Asker: 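I am attaching a structure below and will ask some questions about it afterwards.
Since this is a predicted model, take the numbers as computed values, not measurements.
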Amino acid sequence: KNQVEQSPQSLIILEGKNCTLQCNYTVSPFSNLRWYKQDTGRGPVSLTIMTFSENTKSNGRYTATLDADTKQSSLHITASQLSDSASYICVMTGTASKLTFGTGTRLQVTL
Amino acid sequence: NAGVTQTPKFQVLKTGQSMTLQCAQDMNHEYMSWYRQDPGMGLRLIHYSVGAGITDQGEVPNGYNVSRSTTEDFPLRLLSAAPSQTSVYFCASSYSNTGFYGYTFGSGTRLTVV
């Protein structure tokens, strides 16, 4: 069964610090992997997309990496800001364009 | 503003009642879909549509109906609400269902069935 597991479930960091969120997957084959940011009470918004052949993709302070050998992706947030407080969801597009969503990591950035 | 509009934002239903969750997009997207989001679980696909007049079932379709009479609108109908349908519902649209273009999500409808 295709699965996407994210860790940690939740994370609290101080403003200005960096953090890395993990996504382990069993989806195979897949065409692309996206990271979404979901603010409380809002729908998810796409941050990055990587095809199966890409290793890294950046969007401002967000950098996603993909290691197809270990079936892992990570999202690195640099110099965190209070507005980064949200849930981050890893989503993979597999066979027949079926999406598999991770359960998300809830990030809280504090002063 | 362009995007996906969902109404209502909040709804409380009694068991057995029916209702329709509205979803409209103004981006001329062919692909539209409905998801539910429950605590500790990833979003799960309820129904989807690849164009006007075409709908299909997703992962958890039981208890829900959809129709797609226009490109813009994709309502979700709960036929006879049950407490298990308490959830947050998201409508999403995209140029296609390949995932490459990304999905635009609405802001969600929080439904409570008592």
Asker: Chain B heavy atoms under 4.5 Å from A/Ser46: which part of the residue, side chain, backbone, both or neither?
Answerer: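 Neither part; nothing is under 4.5 Å.
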Asker: Tell me, out of A/Met92, A/Arg42, A/Lys98, who's got the most heavy-atom pairs with chain B below 4.5 Å.
Answerer: A/Arg42
Asker: Is there a path of hydrophobic side-chain contacts, each under 4.5 Å between heavy atoms, that joins B/Leu43 and B/Tyr64?
Answerer: no
Asker: First locate atom OG1 of A/Thr100, then atom CG of B/Leu45, and finally report the distance between them rounded to the nearest 0.5 Å.
Answerer: 10.5 Å
Asker: Which atoms of A/Gln9 come close to chain B, meaning under 4.5 Å heavy atom to heavy atom: side chain ones, backbone ones, both, or neither?
Answerer: neither
Asker: Grouping I, L, V, M, F, W and Y whenever their side-chain heavy atoms are under 4.5 Å apart, do B/Phe105 and B/Tyr48 come out in a common cluster?
Answerer: yes
Asker: Identify whether A/Leu99 and A/Met50 are in the same connected component of the hydrophobic contact network (ILVMFWY, side-chain heavy atoms under 4.5 Å).
Answerer: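 In one cluster: no.
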Asker: Tell me if the OH atom of B/Tyr95 is crowded by more than 12 foreign heavy atoms within 6.0 Å.
Answerer: no
Asker: List the atom of A/Gly43, the atom of B/Phe90, and the distance in Å for their closest heavy-atom pair.
Answerer: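 Taking every non-hydrogen atom into account, CA-CE2, 3.4 Å.
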Asker: Could you grab the distance from atom OH of B/Tyr35 to atom CZ of A/Phe101, nearest 0.5 Å is fine?
Answerer: 4.0 Å
Asker: Of the backbone (N, CA, C, O) and the side chain (C-beta and beyond), which part of B/Gln37 lies under 4.5 Å from a heavy atom of chain A, both, or neither?
Answerer: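 For B/Gln37, the side chain is the part near chain A, not the backbone.
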Asker: How about B/Arg110: does its CZ atom have over 12 heavy atoms from other parts shown lying under 6.0 Å from it?
Answerer: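 Atom CZ in B/Arg110 is not packed in, count stays at 12 or less.
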Asker: Does A/Tyr36 use its side chain to pair, donor to acceptor, with the backbone of B/Tyr103 at less than 3.5 Å?
Answerer: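 Side chain of A/Tyr36 to backbone of B/Tyr103, a donor-acceptor pair under 3.5 Å: yes, one is there.
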Asker: B/Val60 and A/Val91: same hydrophobic cluster, using ILVMFWY side-chain contacts below 4.5 Å?
Answerer: no
